[in-house]
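For reference, the structure is listed below as structure tokens.
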Protein chains: 2
Amino acid sequence: MVQLGRHYGRGPASLAEIAAAEDLPRAYLEQLAFVLRDAGLVASTRGAHGGYELRRPPQDIPMSEILRALEGPLAPMICATDAPEHADLCGRTASCTVNLLWVRVRDAVAGALDGMTLAELVPPRSMLVPLEPSAAAPEPTSNQPLEGALT
Amino acid sequence: MVQLGRHYGRGPASLAEIAAAEDLPRAYLEQLAFVLRDAGLVASTRGAHGGYELRRPPQDIPMSEILRALEGPLAPMICATDAPEHADLCGRTASCTVNLLWVRVRDAVAGALDGMTLAELVPPRSMLVPLEPSAAAPEPTSNQPLEGALT
DNA sequence: CTCAATCCCAACCGATTGAGTTGGGATTGA
DNA sequence: TCAATCCCAACTCAATCGGTTGGGATTGAG
């Protein structure tokens, strides 16, 4: 998807390209590709020189939409699903006071996801740092400095 | 846990009681019980008339603590774990711009969980409210005769 | 017209995970 | 002593998820 975002405006990208770029098996991407298509997020053109293409500019695609398409309704637990249709299969729900918790968690997640668009994940190109194998290294203290950024 | 919350201040509750109250297998609760104990959330007393007991009043126990004890570090994806020690096993992390997303989701969840204490889940007994009538559910149609046996 | 490139789609596989089970202690109050 | 209780590790079992297989259908280019 990010690849598609980067590619946006340049015509369809073939799965083969994307597979190469992301180092993922093409066949696997196919599956994802068509749930995304069914969800109306991407358009496909068949035949030689076909491929996939975003149907909207990346900044108009909230991540929540993508995630819901790919992973189904957001639901930290079955008893707190997003999707009205199978509202509760839990059975226990009535007596389960914990439900409230999950609902809040779900809403928090939904909020985070709604507040973020695909555009934000398309890297400004050039900030692709090559990975260094110094894995276990230098910044042990590292308590997420990212905290402040939640708008 | 909620059971323990409700029981708080009345001495230890045996797993047998809890198992009965929650309709869960006792042996299973045992497992949970002692990860909670190891986490310092509950205290146990052995022997006849023993049982478990909260070590702090419910309103001093954030749900985040319970969840982390039971389920491990919060991490919607491996690449966005809470726990510094296995910071990234993802390998892809460097090139993976999506990481940012997961981090935000994780923080959202953490926020929701931190902002909620066990006390809030211990029902005041008697107020088992039937679920909110809510906005967009005009059609409870057919399905699931499951529950409705509220209280 | 033919053929390679591409999307389309369903069924399958295998490792991981999580809920739950089994079984055998160790402690302690009555 | 004995029953009630906690302690603990190893196990089973089913669902899920990342990924694979294997076959089409469509289309542009030569």
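Any value given below was found using the heavy atoms of this structure, including those in side chains, with hydrogens, waters and symmetry copies removed. All chains are named by letter (A, B, ...) in the order of the sequence lines, taking the proteins before the strands, and each is independently numbered beginning at 1. Values in this document were obtained by computation on a predicted structure and should not be read as measured data.
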5'-most contact on DNA chain D (nearest-nucleotide basis), A:H49 vs B:R37, goes to B:R37
Whole angstrom value for the distance that separates C1' of C:dA11 from OH of A:Y28 | 17 Å
Base-pair map of DNA chain C as dot-bracket, where | denotes pairing with a different strand and pairs are Watson-Crick or G-U under 3.5 Å = ||||||||||||||||||||||||||||||
Identify the two heavy atoms, one from A:L101 and one from B:M63, that lie closest to each other, and give their separation to 0.1 Å.
-> CD1-CE, 4.0 Å
Please give, in whole Å, the distance from D:dC17 P to B:I78 CD1?
-> 14 Å
Given atom CZ of A:R26 and atom C1' of D:dT20, what is their separation to the nearest angstrom?
-> 12 Å
Could you tell me whether the side chain of B:E30 has a donor or acceptor atom within less than 3.5 Å of a complementary atom in the base of D:dC6?
-> no
Taking the side chain as every heavy atom from C-beta outward, state whether B:P76 and B:W102 have any pair of such atoms under 4.5 Å apart.
-> yes
Using whole Å, report how far CG of A:L29 lies from P of D:dG18.
-> 13 Å
Can a donor-acceptor pair under 3.5 Å be found between the side-chain atoms of B:R46 and the base atoms of C:dA26?
-> yes
Rounded to whole angstroms, how far apart are CG on B:L32 and C1' on D:dC8?
-> 14 Å
Single-linkage hydrophobic cluster, 4.5 Å side-chain cutoff, B:L15 and B:F34 together | no
Residue closer to the 5' end of DNA chain C, A:A48 versus A:A27 (nearest nucleotide) = A:A48
Pairwise side-chain contact, A:L113 with A:L74, heavy-atom cut-off 4.5 Å (strictly under) = yes
Please state how far atom CD in A:E53 lies from atom P in C:dT6, giving the value in whole angstrom units.
-> 15 Å
Please work out if A:G50 contacts a base, only the sugar-phosphate, or nothing of the nucleic acid, heavy-atom cut-off 4.0 Å.
-> sugar-phosphate
Might you point out which heavy atoms bring B:L121 and A:T97 nearest each other, and give the distance in Å?
-> O-OG1, 2.8 Å
Figure out the CD/C1' separation between A:Q31 and D:dG18, and round it to whole Å.
-> 9 Å
For C:dA5, take OP1 and OP2 only and decide whether either is under 4.0 Å from a side-chain N or O of A:S14.
-> no
Separation of A:F34 atom CZ from C:dA10 atom C1', in whole Å?
-> 8 Å
Salt bridge (charged side-chain N to carboxylate O under 4.0 Å, His left out) contacts in which one or both residues fall within residues 57-67 of chain A, not counting sequence neighbours | A:R56-A:E65
Quick one: salt bridge (charged side-chain N to carboxylate O under 4.0 Å, His left out) pairs with a partner in residues 102-112 of chain A, sequence neighbours left out?
-> A:R104-B:E120
